Amino acid sequence: MGLSPASPRVNFPELEERILRFWAEQDVFRKTLEARQGCPQFTFYEGPPTANGLPGVHHVLARAYKDAIPRYRTMRGYFVPRKAGWDTHGLPVEIEVEKELGINSKREIEAYGVAEFNRRCKESVFRYEREWVRLSERIGFWLDYEHPYVTFSNEYIESVWWILRQLWDRGLLYQGYKVVPYCPRCGTPLSSHEVALGYRETEDPSVTVRLRLRDQPGTSLLVWTTTPWTLPANVACAVHPQVAYVKARQGDEVLVVAKDLADAVLQGPYEVLEEVRGESLVGLRYEPLFRFYPEGDRLWRVWAAEFVTTEEGTGVVHMAPAYGEEDMELARRHGLPVFHPVGPDGRYTEEVPPWAGRFVKEADPEIVADLRQRGLLYRAGTYRHTYPFCWRCDSPLLYYARASWHVAVTRCKDQLLRANEQIRWVPEHIQRGRFGNWLENVVDWALSRERYWGTPLPIWVCEVCGLQHCVGSLAELREMAAEQLPEPLDLHRPYVDEIRLRCPRCGGTLRRVPDLIDVWFDSGAMPVAQWHYPFENQEWFERSFPADYICEGIDQTRGWFYSLHAISVLLFDRPAYRNCVCLELVLDEHGEKMSKSRGNVLDPWSLIQRFGADALRWFFFSVSPPGMPKRLGPAAVEEVVRRFFLTLWNTYVFFTTYASLDRFDPLGWPAPPVKERPALDRWLLSRLAGLVAEATESMEAYNPTDAARAVERFVEDLSTWYVRRGRRRYWKARDVQDQRSAYHTLYEALVTTAKLMAPLAPFLSEELYQGLVRAVDDGAPVSVHLTDWPQVREQDRDVELERAMEEARWVVSLGRAARSRVRIRVRQPLASAVVVAPQSLLHRYPELVEHVSEELNCKQVELVGQDSARVEYEVRARFDVLGPRYGPKVQELAAALERLSPEEVRRVALEGRAVVEVEGEQVELGPDELDVRVRQREGFVAEAGRGFVVVLDTRITPELRREGLVRELVHHVQQARREANLRVDQRIVLSVAGPPELVEALEEHREAVAEDVLADRVELAGEVEGFRREVSILGQPVTVVLRPLT
RNA sequence: GGGCCCUUAGCUCAGGUGGUCAGAGCGCGGUCCUGAUAAGACCGAGGUCCGUGGUUCGAGUCCACGAGGGCCCA
C-alpha cells in the first residue's frame, strides 16, 4: 500500500488495454449499475445502428457522446440502464445480398426464392456485429451488448404490430397513393439512390395546351408539359397566388399566362388586356381536355400553389395527381380525385379507350395529334433535358402512383409541434429550425414498401367480402388463423404470406397484403418494442419512457429523431425524448467529407492504436461543440496527447515521485484547514472549485465541450503555474505545515480532475484514480466510475484571490519582457524591481509579490501605488459609464480629455477627477468615469500594460554576478544529474574545476550549492573519477564531476 | 429551388446582455527557463473580424441585403 512513482514514459494505448482488462475482471460496468439500483432512473436510448457495414470514425464520435452523458449521470447518482440495439431490416441489407448473389431485380429475387433470400439477409446482418461490439468496447462505450434489442425478432415485430393496431383502431392507417419513381419494365419503384444512378440527357415532347375557361368563352389558360401522356389524368391546374398573370388577346382568342413568360410562350404579336395576380384566377373552371371521367364539383378548377414557378412553362401548371408528387399533394389537400389510367406495365388501361393497351410514351404523338385536331393544341415541339432512366434496363422512369399504406400523421401535426416544445435540442436551433420546419411541413407517412426483408404489414383482406383486418398480436393471429400455425413461427415473408385467417364477418378467407413497412418505423418503435411491450416488461417500459437522452448525427432529424417522435406522439401524445444532441459530420484534415470514392476515409483503429481511444474521444469533445463539423487527422489527435494528456500525466508523475519519496499519506497526514494554507494553495483550490462548478453546469446542459475545455485550462494552470511555483515545497521542504498543505492541495486537485474527466476520458481518468486513490485506500470504490461526482466547495472560492493571481502572472510577464529587452537572463539575480500598480489587488497579497520576486529572480520587489518619478499617465473616457449618461456628448468628452496637457493629465490622474469644458459647459468627471492608466516613461527599463508598470534595476554588482555564476553552475550540475540518470534523491560528491571567478563564487556559496544539488561535499578539483561533464559558463570552460554516494 | 448552420491570424478555435488597443493553442523565427514535463516563458512576424448598407454617441457583436462553404430536403 502507498503511492508509487508513475513512469514518465507512458503509452496510452497500452494503458487503455490494461484498464479494459481491469474493467472486465472486476465487472465494473455491471457494478456501476448495481451500485445505483433503486436510485432515480436516467434513461438513454441507443439508436440502433445498421450492422451491415463496418463502423467508421464518425461512429466513434457518436458513441463517445452517447457514452459520456450516462457515465456522468451515473456519477451523479442515477441508475442508467443502457440496452444495445441493432437495426436489421431494409433495402440496404437486401442490396448487400443481391450483390453477393449477383442479381439485381425483384424478379430475380423471387426466382431465387424469398425464403432463402431472407435467410441470407438475416445472416448478413450480423456479419459486422462483432466488429461493432469490438470497436464500441475498445473506445469504452458502456452498453449492454448481451441483451440487445433486435428488430427482426418475433417479439420486436409483435410490438410493432401492436403499435400499428393502435393506429388502425383510431383510423390513422389508410390506403392511398404514393408517387414514386417507377420502372414499368422491371415493375418496381426505385430508391432515390437508384434514381440518381440513371440521370441522362434526352429529348421529350414539349407541348402547350389550351384549357378553355367555362365562364369566359374565347378565353383559355395555357399549360405546358413534357409528358402529354399524363394529360388524360388531368384533374386541375395550379397558379402561384402572388405571381402576375396577363390576359392577352391574340387573334380572336384571349390567353392567360404568367406575365414574365408571355413573350416566351405567346408566338407572334399580342395585346395585354388585363394584368391580374394569380390569386384572382383561383377557382376558375375549365373544360376538361378529355371526357374519360364523369364530371365532379371539385374537378377542373384552378388552385393556388406555392410550388409554381416562372422559370419555364407558362406559369399555369397542369395537375395529374397520379403522376407527380406535388400534384398528389395538391389533390390530397383539396380532396380531389386521382385518375390513374396506367397499369403497372406502363400501358393505358380500359379507362382510356382510344389508347388502352398502348405504352404511354408511345401514345404521346397520338395524344398530341388528337389535341391538335380538336383545336386544343397551342404549340408543339421538343425539349432537351436530363431525365432519369432505370439503371438496370434503361427504360425511362415514370413518376407513378402506387397504392400504399399511410399513417395519417398530418392529423396530429399540432400535437407533434407541441411535443417538440418540450424537447431540449443541442444545438438549440434544431428545435425551431430543421426539426420544427420539418414538422410544420409534415406529410402523411407513406408506410408500405414492396420488398422482402422487413417487418410485414399486419393487414389481412377478405377475398370474399373485402373486410380489412389489422392483427395486433400473435395471440390474435393464432386465434384467427384458418389452420394451425407452424412452430417455430417466423413472422417474415414468405412464411407470413402463407397464413390465412378466417373472416369474422362472412367466414371467408383473409390473405395478407404483400407489403412490408418502412424500416424507420421499426427504429421509431424502439421505446416500446425493445421491451416487447405491452406483452412483457410493462414496468420496464413505464420506467424507461420517455428517454432523458438520445444522441445521433444531425441527418437523423428526418430519420430516427422523427420516427421516434411521430410514433410516440401518435401513441401517447408525448415526446419520446427530453434531450437530444445532434452531431455534425466528421471531415478529413482538409475539411472534405470522408467518402470511399475520395479514398480519404480514416480508420478509427489506426488512430486508437497510435494515440488511444481517450485522445480521440477528447478530441471530439473539445475541438468544437457537437453541432459543428469536425476536421479530423492524426495531427489533431496527437496534439491532444501532447498538449493536454502529457501535461496532466507529467504533473501526476511529479506528484507521485515526491509523494512516494516523502511517504505522503493522504489519509494519515493531517490536512491543514484551507484558510491556513498559503495563498498559492488557496488559489488552486479556488480555481478547482470554480472548475467543478463549470464542469457540472456544462455537463448538465449536455455540453461536454465546455466541460472539457474548462478542464484543459485548469490543467494548464496546474502544471505551468501551480507546480512550477511550488516545486521546492515538495523536494526541499523545510516547513512541515507547508509541506502538508502542498501535498494535500495537489492531491486534491489531481483526484478531482480525474473524476471530472471520467465521463469524457474514462481510461486515463481510471489510471489516475487507481494510482492516487486505490493505491492508498482499500475502502475506496474499486473504480473511478463508481465514485460520486465532485461537489462544488463554495467555501474554497475566492474570486479576489484569483484576480490577484492573474495580476501577479501579468506582472511576471511584464518583468520577463523587460529582462528580454535588455538581454539579462533570468538566472542572473537582480537587486530589485519596482512594480507600479495604482489600483492593484496585489497590495493585499504580499505572498503573491513573493512569487513575482522569485519568478523574476529579483531579490526585492517593491510594490508602489503611484510613483511620479518613474511613470507617466494617460487618462481616457470610460465609454461604458459615460455613454449611457451623456449619450452623443461622450465623443466630445473623450476629445476634451485627449486635449489635456501632460501636467493636467498627471494632476487628473492623481486626484481622480477632471473638469473639462464641452460646448461651453463645465463638466466634472469622477473616478468611476475616468480610465486612468500608467505607462512607461522613456529612459527606464520597464514594461507596461493593463495598468501596471514594471521597472527593473539592471545594475549587476560583483556580488550579483557571482550569484549568477553559481546559479549557472547549479543548473549545469542538475542537467548532469539528469544525464547520469541519478535518482532524484541520490546524494553525491561534486567536484568543480573552472576559472578563478567561478571558484571564488563557489566558495562564497558552497553550502547553498551543496544543498541544491544534494551534494554531501563540494570539491574544487576536476581531476577525480565520476560522471564528468565539460560545460560552458558565461563563455568559460568548466568541468563538473559527479560521484554518487552509496 | 427551399430550410438550417458556418465564415475572426497560415491551421484549429474563444470572443454573456453593443463600450473604443481583437485573444488562445498549433505552426514559423529568435531569446530564455527547468530535480516532473515530449512541457513552459518572453519577443517577433502574421487580422480590411467574408462583403455592402443600416441602427447607434459607439458594431466582431444588432438588423437588412449579398458572397462563399457545409448539411438536410426537393
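Chain A is the first sequence line, chain B the second, and so forth, proteins listed ahead of strands; every chain is numbered from 1. Below, all heavy atoms of this structure are taken into account, side chains as well, without hydrogens, waters or symmetry copies. Given the structure is predicted, the values throughout are model-derived calculations rather than measurements.
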Nearest-Å distance, CZ (A:R725) to C1' (B:G40)? 13 Å

With both distances under 3.5 angstrom, what nucleotide forms a Watson-Crick or G-U wobble pair with B:G68? B:C6

Please step through salt bridge (charged side-chain N to carboxylate O under 4.0 Å, His left out) for the pair A:R809 and A:E855, ending with a clear verdict. CA-CA 9 Å; A:R809 295 176 74 174; A:E855 199 67 16; over 6 Å; no

Which whole number of Å gives the distance between the C1' atom of B:A59 and that of B:U48? 15 Å

Tell me which of A:L882 and A:S624 sits closer to the 5' end of RNA chain B, going by the nucleotide each one is nearest to. A:S624

Under 4.0 Å, counting only non-hydrogen atoms across every strand here, what does A:P625 touch: a base, just sugar-phosphate, or nothing? sugar-phosphate

A:N437 side-chain proximity, nearest of B:C5, B:G3, B:C42: B:G3

Among B:A36, B:A41, B:A38, which nucleotide has an atom closest to any side-chain atom of A:L646? B:A38

Salt bridge (Lys or Arg N to Asp or Glu O under 4.0 Å) test vs A:E929 passes for just one of A:R885, A:R878, A:R876, namely A:R885

Whole-Å P distance, B:C6 and B:C13: 13 Å

A:R713 CZ to B:G15 P, in whole Å, measures 10 Å

note: A:Y747, atom OH; B:A36, atom P; distance rounded to Å ~ 22 Å

Quick one: A:F619 CZ to B:G25 C1', roughly how many Å, whole number? 13 Å

Need the pair for B:A24. Rule: Watson-Crick or G-U wobble, both distances under 3.5 Å, any strand; none if unpaired. B:U12

Roughly how far apart, to the nearest Å, are B:G29 and B:G10 at atom C1'? 15 Å

How far, in whole Å, is B:A22 from B:A9 if one measures between their P atoms? 14 Å

Starting at atom CZ of A:R876, determine the distance to atom P of B:C21, rounded to an integer number of angstrom. 5 Å

So does A:R728 pair up with A:D1012, basic N to acidic O under 4.0 Å? yes

So what does A:V826 touch, heavy atoms closer than 4.0 Å: a base, only the sugar-phosphate, or nothing? sugar-phosphate

Mind telling me whether A:W438 and A:Y562 have parallel, tilted or perpendicular rings, with 30° and 60° as the class edges? perpendicular

Separation of A:Q891 atom CD from B:A59 atom C1', in whole Å? 13 Å

Re B:U48: Watson-Crick or G-U wobble partner, both distances kept under 3.5 Å, found to be none

Main-chain N/O of A:G47 paired to A:E552 side chain as donor or acceptor, under 3.5 Å: yes

With no angle test and no hydrogens, is the base of B:A36 tied to the side chain of A:S719 by a donor-acceptor pair under 3.5 Å? yes

Whether A:F435 and A:H565 hold their rings parallel, tilted or perpendicular, with breakpoints at 30° and 60°: perpendicular

Can you check the distance between B:G60 and B:G18, where both ends of the measurement are the C1' atom (answer in whole Å)? 10 Å

Distance, rounded to the nearest Å, where A:R643 contributes CZ and B:C13 contributes P: 12 Å

So if I take every side-chain heavy atom of A:E639 and compare against B:G25, B:U20, B:A38, which nucleotide ends up nearest? B:G25

Please list each protein N or O that sits under 3.5 Å from an N or O in nucleotides 64-70 of chain B, with the distance.
none

Using salt bridge (charged side-chain N to carboxylate O under 4.0 Å, His left out), reason through A:E584 and A:K630 one step at a time and then give a plain yes or no. CA-CA 7 Å; A:E584 256 289 357; A:K630 285 153 184 53; over 6 Å; no

When all nucleic acid strands are considered with a 4.0 Å heavy-atom cut-off, which category describes A:T657: base, sugar-phosphate, or nothing? nothing

Charged N to carboxylate O below 4.0 Å: is that the case for A:R713 and A:E694? yes

Quick one: look up who B:G1 pairs with, Watson-Crick or G-U, both distances under 3.5 Å, and put none if it's unpaired. B:C73

Options B:C13, B:C73, B:C57, nucleotide nearest the side-chain atoms of A:R558: B:C73

A:Y730 and A:L746: side chain to side chain contact (heavy atoms under 4.5 Å, CB included), yes or no, with the steps? CA-CA 10 Å; A:Y730 302 89; A:L746 181 51; 3.5 Å; yes

Hey, does A:R709 reach any base, or is it just sugar-phosphate, or nothing, if we go heavy atoms under 4.0 Å? sugar-phosphate

If you check every side-chain atom of A:R724, which of B:C72, B:U12, B:C33 has the closest atom? B:C33

Distance, C1' atom - from B:C63 to B:G27, rounded to whole angstrom: 38 Å

Can you check the distance between B:G25 and B:G44, where both ends of the measurement are the P atom (answer in whole Å)? 14 Å

Nearest 0.5 Å please: distance from the CD atom of A:E854 over to the NE2 atom of A:H851. 6.5 Å

Under a 3.5 Å limit for both distances, which nucleotide forms a Watson-Crick or G-U wobble pair with B:G19, could you say? B:C57

Quantified in whole Å, what is the C1' atom distance between nucleotide B:C73 and nucleotide B:U55? 36 Å

What is the distance from CZ of A:R631 to P of B:G27, rounded to the nearest Å? 18 Å

May I ask which nucleotide in the shown strands pairs with B:C42, Watson-Crick or G-U wobble, both distances under 3.5 Å? B:G30

Per nearest nucleotide of RNA chain B, the residue lying toward the 5' end, A:D880 or A:V723, is A:D880

